[in-house]
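Working notes for the structure below.
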Amino acid sequence: MKLRKIVYLAAFTALCILTFNTKVSASAVPEFDSSYWTTQWRYVQLTAPWKIKLSERYQDPVSKGWSRHTTKTRILPAGSKIYVKKYLDHMTVSLTRPNSIKSNGLGQKSWRYKVKNNLSLRLLGTKVKTTSNYKQAKVRNFSNQTWNYANLSAPYGQHSEFIFKNERDLSTYEKYLDKYSEILEANDSDLSDASKEELDEFHEAQHQIKTYESKSIRLTSQNSRYLAQKYKSSMIKILYQNKIYYASTYDFKPYNTVAELDGISSNLSPTDYQNIIVRLGDKINLYKGLSWHQEIGRFDIVNWKYNGYKWIKQ
């Protein structure tokens, strides 16, 4: 009998390890900035009264521009069960189940609740887990007073791999990158009808970009961290192999993963717990349907979905 209990316990432990590949805690209400509130309507119960306003869309007779004004207010008592979805700085409120769970609710008239401090509600029907696997960055942005660890903002961004021996080379390199992008944008990425002057400028920019890249050091490791210090508004110093180099502030961050309105963006897969560092203050709430966008190349993204138990590659 004792042996049977041990076998059952071992089997249960193994099942837990296979099923839950992240450390999670009990369901919690996601922060207002979480993508949880923006992706679809959520069914909730209020734990405190909400003062909601009926916002109506109207057209100004003089300017012909569209705007909204409040036509009615209402107090929803604690215990009310409603559907909510975030829009800008407020919650759009539906007193009945919306026709489409993913509609935006921005019709001619809509009830709205201005979020001030915290969300006084509890979740109904959806399990949300908060994870403690992902490490927090110690700073949100670099300081010109201290050195902090830096991560590549994107693994193969347009110039995120390159660091330069002096700031002059970096400035010149970025000047040619801007010219290159400007000509492409002006011609909708099709140079077949470009003027000779534009083509000459484009080819010169291409040549100079390659020249300066050959003089730089290319960093490609998504997992490596570098010591960085802010130098100027658009530059940082990077300590690499005991020497000082210069890079764009847009290319390095103290973090490599960001919680955004449409999900999580990262250089890494959602299960690379050892190397993932989230932006200071960000929290990752796990819920069924959460998206994780992993950048693996200049134009390549691998999408993941959380199915309520684990991450599934799409």
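Considering every non-hydrogen atom in both Leu119 and Pro30, the closest pair reads CD1-O, 3.8 Å. What you find for Met91 and Val84 is that their closest heavy atoms are SD-CB, 4.1 Å. Across every non-hydrogen atom of Trp311 and Ser291, the tightest pair is CZ3-C, 4.4 Å. Residues Val93 and Ile82 come closest through the heavy atom pair CG1-CD1, 3.9 Å. Summarising the geometry of Ala228 relative to Ile236, their closest heavy-atom pair is CB-CD1, 4.1 Å, with the distance given to 0.1 Å. Ile183 and Glu198 get closest at one heavy-atom pair: CD1-O, 3.8 Å.
A distance-only check finds a donor-acceptor pair linking the side chain of Lys129 to the backbone of Gly308 [under 3.5 Å]. A donor-acceptor contact shorter than 3.5 Å is absent between the side chain of Lys114 and the backbone of Asp89. In this structure, Ser94 contributes its side chain and Thr96 its backbone to a donor-acceptor pair below 3.5 Å. Formation of a donor-acceptor pair under 3.5 Å by the Lys305 side chain with backbone atoms of Gly289 is found in this model. Side chain of Gln314 to backbone of Ile312: a donor-acceptor contact under 3.5 angstrom is found. A donor-acceptor pair is defined here as one N or O able to donate and one able to accept, closer than 3.5 Å; no such pair exists between the side chain of Arg42 and the backbone of Leu123. In terms of modelled atom types and a separation under 3.5 Å, the side chain of Tyr134 and the main chain of Pro270 share a donor-acceptor contact. Looking only at distances, no side-chain donor or acceptor of Ser181 sits under 3.5 Å from a matching main-chain atom of Asp178. A donor-acceptor pair under 3.5 Å is formed between the side chain of Trp37 and the backbone N or O of Glu31. In terms of modelled atom types and a separation under 3.5 Å, the side chain of Trp292 and the main chain of Tyr306 share no donor-acceptor contact.
Following chains of ILVMFWY side-chain contacts shorter than 4.5 Å, one cannot reach Leu290 starting from Val258, and the two form parts of different hydrophobic clusters. Residues Tyr226 and Tyr255 do not share a hydrophobic cluster, defined by chaining ILVMFWY side chains whose heavy atoms lie under 4.5 Å apart.
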Please walk me through it: do Val44 and Leu124 pass side-chain contact (heavy atoms from CB on, under 4.5 Å)? CA-CA 5 Å; Val44 301; Leu124 298 175; 5.6 Å; no
Before you tell me yes or no, could you show the steps for Thr172 and Gln208 under side-chain contact (heavy atoms from CB on, under 4.5 Å), namely the whole-Å CA-CA distance, both residues' side-chain angles and the distance that decides it to 0.1 Å? CA-CA 9 Å; Thr172 307; Gln208 292 295 341; 5.8 Å; no
Give the C-alpha distance, both sets of side-chain angles, the deciding distance and a yes or no for side-chain hydrogen bond (donor to acceptor under 3.5 Å, both in side chains) between Tyr246 and Ser216. CA-CA 10 Å; Tyr246 297 84; Ser216 69; over 6 Å; no
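The 12-atom threshold is not exceeded at CD of Glu197, counting heavy atoms of other residues, nucleotides or ligands nearer than 6.0 Å. Within a 6.0 Å sphere centred on NZ of Lys135, other residues, nucleotides and ligands contribute more than 12 heavy atoms. The 12-atom threshold is not exceeded at CG of Asp193, counting heavy atoms of other residues, nucleotides or ligands nearer than 6.0 Å. Environment of NZ in Lys72: sparse, with no more than 12 heavy atoms of neighbouring residues, nucleotides or ligands closer than 6.0 Å.
At least one side-chain heavy atom of Leu170 sits less than 4.5 Å from a side-chain heavy atom of Glu174. Side-chain contact between Ser171 and Met235 is present, with heavy atoms from C-beta onward closer than 4.5 Å. When side chains are defined from C-beta on, Leu76 does not count as touching Tyr113, because their heavy atoms never get closer than 4.5 Å. Using a 4.5 Å heavy-atom threshold, the side chains of Tyr240 and Leu219 count as touching. You'll find the side chain of Trp41 reaches within 4.5 Å of the side chain of Thr92, heavy atoms only. Side-chain atoms of Tyr176 and Thr211, non-hydrogen and from C-beta on, never get closer than 4.5 Å to each other. Here the side chains of Leu54 and Lys109 are in contact, with some heavy-atom distance below 4.5 Å. Leu239 places none of its side-chain heavy atoms less than 4.5 Å from the side chain of Lys237.
In this structure, CG on Asp282 lies 13.0 Å from CD1 on Ile277, to the nearest 0.5 angstrom. From Arg218, atom CZ reaches atom CD1 of Ile163 across 12.5 Å, with rounding to the nearest 0.5 Å. Between Lys175 atom NZ and Lys179 atom NZ the span is 9.5 Å, to the nearest 0.5 Å. Note that CG of Asn151 is 5.5 Å distant from CZ of Arg225, once rounded to the nearest 0.5 Å. Taking OG of Ser35 as the reference point, atom CD1 of Ile264 lies at 5.5 Å (rounded to 0.5 Å). Separating the CZ atom in Phe202 from the CG atom in Leu191 is a distance of 5.0 Å, to the nearest 0.5 Å.
Ring geometry for Tyr83 against Tyr43 counts as parallel: the plane angle stays under 30°, on a 0 to 90° scale with 60° as the upper cut. Ring orientation note: the planes of Phe162 and Phe164 are tilted relative to one another, at an angle of 30° to 60°.
Remark: Lys243 engages Tyr245 in a side-chain contact (heavy atoms from CB on, under 4.5 Å) (not counting sequence neighbours).
Just one residue in the list Gln294, Glu260, His293 forms a side-chain hydrogen bond (donor to acceptor under 3.5 Å, both in side chains) with Ser265, and that residue is Glu260. With respect to Asn223, the side chain to side chain contact (heavy atoms under 4.5 Å, CB included) criterion is satisfied by exactly one of Leu268, Asn267, Leu152: Leu268.
Geometrically, Lys86 engages Phe32 in a cation-pi contact defined by less than 6.0 Å to the ring centre and at most 45° from the axis. The cationic group of Arg112 does not satisfy the cation-pi geometry with Tyr87, failing either the under 6.0 Å distance to the six-membered ring centre or the 45° limit from the ring axis.
One finds no salt bridge joining Lys210 and Glu213 here, because no Lys/Arg side-chain nitrogen approaches an Asp/Glu carboxylate oxygen to under 4.0 Å.
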Using residues 139-147 as the side-chain source, report each donor-acceptor pair under 3.5 Å to any protein atom, sequence neighbours left out, with the distance given to one decimal.
unit_1: Arg140; atom_1: NH1; unit_2: Leu280; atom_2: O; d: 2.5
unit_1: Ser143; atom_1: OG; unit_2: Gln145; atom_2: N; d: 2.9
unit_1: Thr146; atom_1: OG1; unit_2: Asn148; atom_2: OD1; d: 3.3

